[in-house]
Amino acid sequence: MASGTVTVRGEALVPGEPDEAQVVLEIKAVERSPQKAMADASARSDRLQEIFEELEIPPVARATSGISVGDEWEWSSGKHKHLGYHAINRVSVRLDDAEKVATLIAEATERCEAAVRGPSWEIALANPARVEAFRAAAADARRKADAYASALGARLGDVVSVIEPGLAVRTHQRHEIMPVPAPAAAPSRASAPAPDIQVDAGALDIPAAVEVTFALEQS
């Protein structure tokens, strides 16, 4: 005979391999006039497009995420100093190959003097690890409910309801790699290529949660 209900929240964290990385490349030029800044940024953006073609990154995997032209200021000695005009082009790229991510970062910084934001890793909705997280959360809910029922001198009956709260996937913190201006006496790019950077996708924790109501039966 049913003697009430118990509602519990089951939770789980299951590691999963990321399916995709997002990298944001920013090309910024500062010149004495907006036209010169645009010309510099445009030329370097053309070189970036060449890199995309060389790495066989399709147009669907890259998108312009921002273009701006405006005054460039610097705060110095308690006041703003006008440095000229900037032109900025930001491109967001999505890749599923960690090795290609590393190559893109190295080439973009070396050949285009691009600033890099990322990579940030994501797990696809169809990733099998998500299903494992759901199962683990449901099992956690039953364990908790069993514990409550036992402590109350009852046993679990049928499942009355199941509710899945909305949760976001945890992703690694984004890292920024900013180009450092070379001093006047710096060696040429041909003699000092940009060092390769090891890029590892690692694993992301996939959270899952479920609220389950069970009927309680008298022992």
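Just the heavy atoms: all of them, side chains too, but no hydrogens, waters or symmetry mates, feed the values below.
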Taking atom CG of D158 and atom OG1 of T5, what is their separation to the nearest 0.5 Å? 12.5 Å
Whether E54 and R111 form a salt bridge (side-chain N of Lys/Arg under 4.0 Å from carboxylate O of Asp/Glu) is what I want to check. yes
Tell me whether E74 is salt-bridged to K81, with the criterion being a basic N under 4.0 Å from an acidic carboxylate O. no
Note: R62 and F52 closest approach over all heavy atoms is CD-CD1, 3.2 Å
When rounded to the nearest 0.5 angstrom, what is the spacing between CD in E20 and CG in N127? 12.0 Å
For D40, run the side chain to side chain contact (heavy atoms under 4.5 Å, CB included) check against H86, E31, K28 and tell me which one passes. E31
Looking only at heavy atoms, the pair that brings A203 and P18 closest together is CA-CD, 4.2 Å
When you look at L104 and I51, which way does the side chain to side chain contact (heavy atoms under 4.5 Å, CB included) test go after all the steps? CA-CA 7 Å; L104 174 61; I51 295 172; 3.9 Å; yes
Less than 4.5 Å apart, side chain to side chain, heavy atoms only: is that true for P165 and R9? yes
V24 vs V91, side chain to side chain contact (heavy atoms under 4.5 Å, CB included): CA-CA, chis, key distance, verdict: CA-CA 6 Å; V24 177; V91 181; over 6 Å; no
I88, L25: one ILVMFWY side-chain cluster at the under-4.5 Å cut-off? no
Would you indicate whether D46, at its atom CG, is surrounded by more than 12 heavy atoms from other residues, nucleotides or ligands within a distance under 6.0 Å? yes
Could you check whether any side-chain heavy atom of W73 comes within less than 4.5 Å of a side-chain heavy atom of H82, counting everything from C-beta outward? yes
Do you reckon L216 sits in the same ILVMFWY cluster as Y148, going by side-chain contacts under 4.5 Å, direct or chained? yes
Any side-chain heavy-atom pair of I27 and L48 under 4.5 Å: yes
What I'd like to find out is whether the side chain of R130 reaches to under 4.5 Å of the side chain of I123, using heavy atoms alone. yes
Report, as yes or no, whether the 6.0 Å neighbourhood of atom CD on E17 holds more than 12 heavy atoms from other residues, nucleotides or ligands. no
Which one of S45, C112, S65, S42 satisfies the side chain to side chain contact (heavy atoms under 4.5 Å, CB included) criterion with N89? S45
Which donor-acceptor pairs under 3.5 Å do the side chains of residues 131-142 make with protein atoms, sequence neighbours left out?
unit_1: E132; atom_1: OE2; unit_2: R135; atom_2: NH1; d: 2.8
unit_1: D140; atom_1: OD2; unit_2: E11; atom_2: N; d: 2.8
unit_1: D140; atom_1: OD2; unit_2: K144; atom_2: NZ; d: 3.4

Heavy-atom closest contact (A129 atom, I206 atom, distance): CB-CD1, 3.4 Å
With clusters defined by side-chain heavy atoms of hydrophobic residues (ILVMFWY) lying less than 4.5 Å apart, directly or transitively, does V159 cluster with V8? yes
State, to 0.1 Å, how close A149 and L156 come at their nearest heavy-atom pair, and which atoms those are. CB-CD2, 4.0 Å
Taking atom types as modelled and ignoring hydrogens, do the side chains of T7 and E211 form a donor-acceptor contact shorter than 3.5 angstrom? no
Any side-chain heavy atom of T109 sitting closer than 4.5 Å to one from V116? yes
Would you give the length of the straight line joining atom CD of E107 to atom CZ of R47, rounded to the nearest 0.5 angstrom? 12.0 Å
Taking all non-hydrogen atoms of both residues into account, name the closest pair between V160 and F214 and its distance. CG2-C, 4.0 Å
The side chain to side chain contact (heavy atoms under 4.5 Å, CB included) partners of P128 (sequence neighbours excluded) come to none
Is the shortest side-chain heavy-atom distance between D19 and W121 below 4.5 Å? no
Between V101 and A21 the two heavy atoms that sit nearest each other are CG2-CB, 4.1 Å
Is any side-chain heavy atom of V162 closer than 4.5 Å to a side-chain heavy atom of V210? yes
For the NZ atom on K100, are there more than 12 heavy atoms of other groups (residues, nucleotides or ligands in this structure) within a distance under 6.0 Å? yes
Would you indicate whether the side-chain heavy atoms of M38 and V69 approach each other to under 4.5 Å? yes
